[in-house]
Structure formats: C-alpha cells, structure tokens
Amino acid sequence: MSFIQNHLLGIEGLEQSAIREILDKAEEYADLNQKTKKRVDVLSGLTQINMFFENSTRTQASFELAGKRLGADVMNMALQGSSIKKGETLVDTALTLNAMRPDLLVVRHPQSGAVDLLSQKVNCSVINAGDGQHEHPTQALLDALTIRRAKGRLHRLNIAICGDISHSRVARSNMLLLGKMENRIRLVGPSTLIPSHIGEFGVEVYHDMLEGLKDVDVVMMLRLQKERMDGGFIPSEREYFQRYGLDFNKLSYAKDDAIVMHPGPMNRGIEIDGDIADDVTRSVIQEQVEMGVAVRMAIMDLLARNMKINHTKLLT
Amino acid sequence: MSLLVKNALLVEPNLRKVAKGNLVIRNGLIDRKNLIADTEFDCDGKFVAPGIIDLGVKVCEPGERHKESYESAGKAAAAGGVTTIITRPDTKNPIDTPENFDFISKKADEDCIVNVFHIAALTKERKGQEICEIGMLLDAGAIAFSDCDSVIQDNKILSRALTYSSTLDALVIGHPQDKTLSHGAVSTSGKFSTLRGLPSVSPLAERIGLERDLALVEMTKAKYHLDQITNIHSIETLRRAKNSNLDISAGTSIHHLSFNELDISDYKTFFKLKPPLRSETDRLATIEAVRDGTIDIVSSMHTPQDEESKRLPFEEAASGAIGLETILTAMLRLYHSNQLQMDQIFTAISLNPAKRLGISGGSLSHNEPADLVIFDADKPLILERERLHSKVKNTPFDGQKLQGRVLKTYVQGREVFSL
C-alpha cells in the first residue's frame, strides 16, 4: 500500500511506488472493462459529484463512467455559468456542496491552485481533473498506463512532449510523472511556448522537431489552443504545422516502433496530420481514452479504500 | 511633564552608532542636555530608537473603511513602533483633488494617534491621462505625488508630469515596472512558477520600467523616488544611476527582504504581492543593497485586504500584505542574522525617509520631536494574526517565530503604545 493520500491533487506529491500501485490497479480495471458485465460495487453507496468550472466533454464523461461502473451515485454539475455569475466564490460553492455530504469531488477549474484551495475546505476526497496550467494528474496516469502497455515498461524510455508546453497542465503532470519513473524527457516546441528555466527540471529542450524526435520511443503531442494564435505566440497555423505539426516525415526520425499519443481533442492539420492520428500501427490515441476510464476507476477505488481506513482509525 | 529614559542603548543612525545613554522627553521634544526630569523609565539596557517613518502605507479611507481606518492604522502603527505614516493615494476613491485631500487630512488629524502625511495622486483617478492639481495639492499639504502601482505607460504624459512637478520641487514616487510585460502576471518567472502553473513575469520587467523612469528623470530633472526595487537586475541599474547626479532615491518592501517566491508554497495568497516575491538570490541582493545604501528606504507597503479578497484562487486573489505592526520585528530578523547592523536598520526605516521627505524625525538629536520607540530586540514571539491591531489580518508572518518586541512608542512625547 503506497498510495495513502485522501486526495489526488497532482503528480507532484506521489512516490514512484504510489504511481505503480495506481497503474497496477488500473490494469485490473482495464481487463474488467473488456468484459460484458463491467460493474463492480466498490463505490456502492458513495456519492460522487463532478464539478466542472471549465468545459469538458471527454474528461467529464470518463469520470462519470468510471464512477458508475464502480457503483457510485454520480452527479454532474456544470458550473461555468450559474453560481459564479451570481458572484458566489469558489470556497462558498465548495462549502455548499460539502454540506450535501458527497464522498468524492471531481473538480476541474480554469485557475491554477483552485482545486488545492477547494480541497482544504471540504471533508471528502478531491480529485483534480485539471486546474489552470498547473496539473492534470489523471491524464498523466492514463498516459503512463498506455505507454507501459505499449512498450512493456515505464522507465528508460526516450519521450518527446511536443507543442505548447507553457500553457499545458498535461505537459506539467507528464513531465513530473515520467521524470519520477526515470525516463529521458525532451520538450519540443517554439521558444515562445516553452517556459523559461525549464532546464532546471532535468529535461532537454529542442526547438527543431527533427532533432527532438530523433530515436524517441514515444511522441506525445499537445493540443494547440486557438487563443495562443491571438496572443502572438506563433505567427500562423500553417507555419506551426510546417515546423511543429507531426507528419510522417517528422515521425520517421523517431524509432520505427515509436508510438504517437495525444490527450485530445485534436486539431487535425495543426499539431497532427490526420493520417497519423488514424494509423492504428502508430497511434495509441484511442487506447488512451480507454485507459482513462480504467485509471479513474483505480484512483477512485484507492481513495475509497483510504477513506475507509481513515474512518476505521477515527473509530478506534 | 518630563520623562527620563535611562539605561538605554541609543540607536543613532545619523551618527552611525549605537551607544549606552540617557535622554529626556520634555514638552514633546527630545532633550539631550538637561537630564533632570519629573519621572523616569528604566530601559534596563533595551534599545531606544527614533520612531519608524513608514513611506507608502495604505489606509482604506475613503471607500473601504472596513479594511483599515485612520484609527485602526494608528493603533497598528503605534504597536509596531511606527511614529509617522505616509499614506498612499490608491484608495477606492483616489486622493486626486484638494477636496479629497482635505477629507483624509481632517480624518487623520481626528482619528490617528501617530503622525500622518499624505501622498497625492500624480494623475486624475490614477489613470495616467491628466495631471492632478499638483500646486493646489501641495498647498493642501501633499508630501509627494504618485500613481502607485498604476504605472503611467504614456511617456509623454509622465514626462510632462515630471517636468511640472520639478518646477514646483515636488517629489514624485514611481513604481518601476513595464506594465505591458507584467500584465496578468502573478508570480516571478522561474522553476517555481512553472511548477505551479502560474502566469509569471520576468524580473527584467522591473528593470525595463526603471531604465525608462531614469531616462525621463534625466530629461526632466525631476525629484524621483522608486517605491520598490526587488531584484538583482534592477539593483545593478540603480547602482549605476546613483553614481550620476540625478535626484533619485529608492525603496523596497520589508516583505521582499523577508520572503522569496517559494514561500507561496501551495498557493498561499497572503504571499501574493506586487511586485511578486522573487528568488532567494534577489532577496539576498536586495538586503545587500539596503546594507550598502543603494536602496535608501525600507517600507512596510502596508496593504490591507479582507478575507474575501484573499480566499480565492491565487490568480484572482488580491495582492498585498499588512506590515505596519511587523516591520520592526521583521527587520530585526536581519539584525539577528548579522545581515544588517542596528544603525543601518534605522537609517532605512527612519533617518532616510525623514531626509528624503524633508520632515523632522529620524534621529535622537537634541530638540527633535520625541517620536521614539523602545524595544527589546531579543524577546521571542510567535505571531498570531488575530492579535494584530489592523482591521484585516492579511499578514504573511502569521504563525512565524520572531524575535523582538516593541515595549513603548512615543509620538511627540506622548505615549501611544505600551506592551
């Protein structure tokens, strides 16, 4: 038992052994998800609330499905509008929901640190489903599981993370996780989209994608947010695609068996050539979505277990 | 009534020394010649120093009295050994007209137990478009002019404001920062801000602002004070500029001398400041600049913010920290760590502000007003924010172990605080 937290707020606080425990548990659920009968009872009687302060279809659906397959009562709250417009603060919204006694809160918020703040104000388990430009731990864990299944291991791999690193919580969580698991990480992108001082994280930075992809085992593409174009970070979509979009030519510099990943949703023709995304021999993008459900089931299972242990401790 | 303060360690920044001695408080003034008095106070070897002159305090009247009033600010100041506060004009309704100025000036006279001077805005509504009535505000008693952290971006307007002020010999206080670079940023760029995913700005934005301001001062011959210099890049620039014959001075905040960016830790909004906290290298360089006199003045940059505006995600939360009551204790940390001598501390928090603003105080000389603080530099305490006198309690020192307590504070010979 290595994953002993009450919350999953980020990869930053996780030990290597805790990451392994989550991934091993997720393997079990990946197998279960292949069966016709996919339901188990580990969250039976527990209430899960998905609080999304920022639009999301995929992540929310994945968490909802994960909760339901584990037997939890799942409620979705879309909070982009309603209470925020009425001037209610995040903390008040959290306290209100807390009074309804949920057991698991899954939270996405457009600001870094907001999920952390919320977790201090409630007495249930909180899962960070993405906060601003800070972390997106479940995405990193599902990426790790996908890599481990495709490559047979999760260490000593050369992994290139390409695109908008600066504004990406996926990149941060992946950098931390893959670093903890002792892989060599390369960041590839235009200098305007790579944070200063990033070298201090023990990663290698490449501005030339051909060099950056040379001999890597994993190519991880990131979504380029449309609003970055207006911010003057890059001159145009076509120039970006030409220099940093993944096409077969650039991919040929990677190892022959290199896999291609993308957290979705994709901008075909901007960061990735549609044909690569659809090439089942290279792309594991659909597998990532599948592993997403399994990883989220594993995390909720382990958090519920920790909840029970703490509860028993309190009683004795 | 007269009081003999005896067995004291007298801190005399103007003489660059600390020595055993006695002094008398008589008729609101310091008497160093006739040491016979009606009553006496035995300091038992504790320090007696000129009261702190805190340049750049925000009192939230008019507009947000629930955060800090002249009454509460006065009590906090007295408890912190601050005998004179110089207020900022960045209140909800900015102090940009003689009428507004008269209001706060009256308020301060009625409610505040320490001396108060006021800075007026440089431009109307601090918008950087039209110059305030600097002449009339001077007549009303304005001690300096500043748009505070609302940097005047338009060089033509700033140059005119500086030229106009220079004719009237008015001191202008600027906030060195390139707003176009720092807009939206809440932290200093580096490993920490990247890890936390916070919008950040290079510390060089401060130097760019500084270089611009210095060039305009050279052009206009204005009398200029830079409110907060907080990193190694701007310190180098400032050091060079101080060797020229410009009429400039510079300050920094006690919080930038006490903390670095890592103190933000897990998004602690009480550490959200403007400019944002810097690296440890910057903090040490800033202390060194205070020590060698490149930075003249240390202020609390007292900025009250209520719980509601701080209990938010980091990016949304308000900036600023209160500091009136903790400035001395925080400075004493640098004394205990041998980074600053006692006389250097009082040069930065008392003597230099008095000299730069042309007001009395800042020394224990004969016939100076008896604005002074008696303190025990060693007495330990764990700071509890609820015990502070300010109306709001946004101090980054909450729960910290500190050393040094104010025992008594006198303003014009009147005891305004006693532990």
Side-chain angles (χ1 to χ4, degrees), chain A residues 7 9-13 53-54 84 87-95 107-121 128 130-137 164-173 175-176 179 187 193-203 205 231-232, chain B residues 180-208 231-233 260-272 276-282 305-319 394 398-399:
Chain A
H7 309 296
L9 300 176
I11 299 296
E12 199 188 350
F53 293 88
E54 192 181 78
I84 304 181
E88 189 175 58
T89 66
L90 174 67
V91 170
D92 285 333
T93 309
L95 291 176
V107 188
R108 169 168 289 190
H109 197 281
Q111 294 196 329
S112 305
V115 182
D116 203 287
L117 172 68
L118 194 139
S119 74
Q120 296 162 21
K121 307 289 172 188
N128 182 358
D131 65 323
Q133 298 165 9
H134 176 220
E135 282 225 46
H136 191 353
D164 180 2
I165 312 291
S166 286
H167 302 94
S168 173
R169 54 193 174 215
V170 176
R172 278 179 185 67
S173 288
M175 236 162 56
L176 291 169
L187 303 180
L193 294 176
I194 293 191
S196 55
H197 304 82
I198 196 79
E200 292 172 34
F201 286 89
V203 296
V205 175
Chain B
T180 56
L181 269 177
S182 63
H183 178 72
V186 298
S187 61
T188 303
S189 59
K191 187 180 177 186
F192 178 78
S193 66
T194 299
L195 196 59
R196 287 286 173 271
L198 292 171
S200 63
V201 58
S202 163
L204 286 167
E206 183 176 298
R207 195 185 101 189
I208 296 171
N231 70 67
I232 194 163
H233 309 284
N260 65 33
E261 57 189 352
L262 300 182
D263 286 294
I264 293 168
S265 171
D266 289 326
Y267 304 99
K268 291 184 188 157
T269 56
F270 279 15
F271 292 87
K272 182 175 177 185
L277 285 170
R278 308 297 193 187
S279 70
E280 180 63 3
T281 312
D282 289 327
Q305 299 290 4
D306 52 21
E307 297 283 308
E308 284 66 39
S309 58
K310 281 287 188 186
R311 216 173 51 160
L312 291 171
F314 198 83
E315 263 179 75
E316 275 177 43
S319 305
N394 57 309
D398 186 38

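Lettering follows sequence order; numbering is per chain, from 1.
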Legend entry - Heavy-atom pair of closest approach, residues B:Ser193 and B:Ser189: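 Smallest heavy-atom distance, with atoms named: OG-CA, 3.4 Å.
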Part of [X] lying under 4.5 Å from any heavy atom of chain B:
X        : answer
A:Glu12  : side chain
A:Leu176 : side chain
A:Arg169 : neither
A:Ile198 : side chain

Inset, instruction - Compute both the distance and the angle, then confirm whether A:Arg108 meets the cation-pi test with A:Phe53: under 6.0 Å from the six-membered ring centre, within 45 degrees of the axis. - result: no
Inset, instruction - Return yes if a side-chain donor-acceptor contact under 3.5 Å exists between A:Glu135 and A:Ser173, otherwise no. - result: yes
Inset, instruction - Could you tell me whether B:Glu206 and B:Arg278 make a salt bridge, using a distance below 4.0 angstrom between a side-chain N and a carboxylate O? - result: yes
Legend entry - Contact class of B:Glu316 relative to chain A, heavy atoms under 4.5 angstrom: both
Inset, instruction - Among the options A:Leu90, A:Asp116, A:Leu118, A:Ile165, pick out the one with the most heavy-atom pairs lying under 4.5 Å from chain B. - result: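 Among A:Leu90, A:Asp116, A:Leu118, A:Ile165, the one with the most close pairs to chain B is A:Asp116.
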Legend entry - A:His197 and B:Phe192 aromatic centres sub-6.0 Å: no
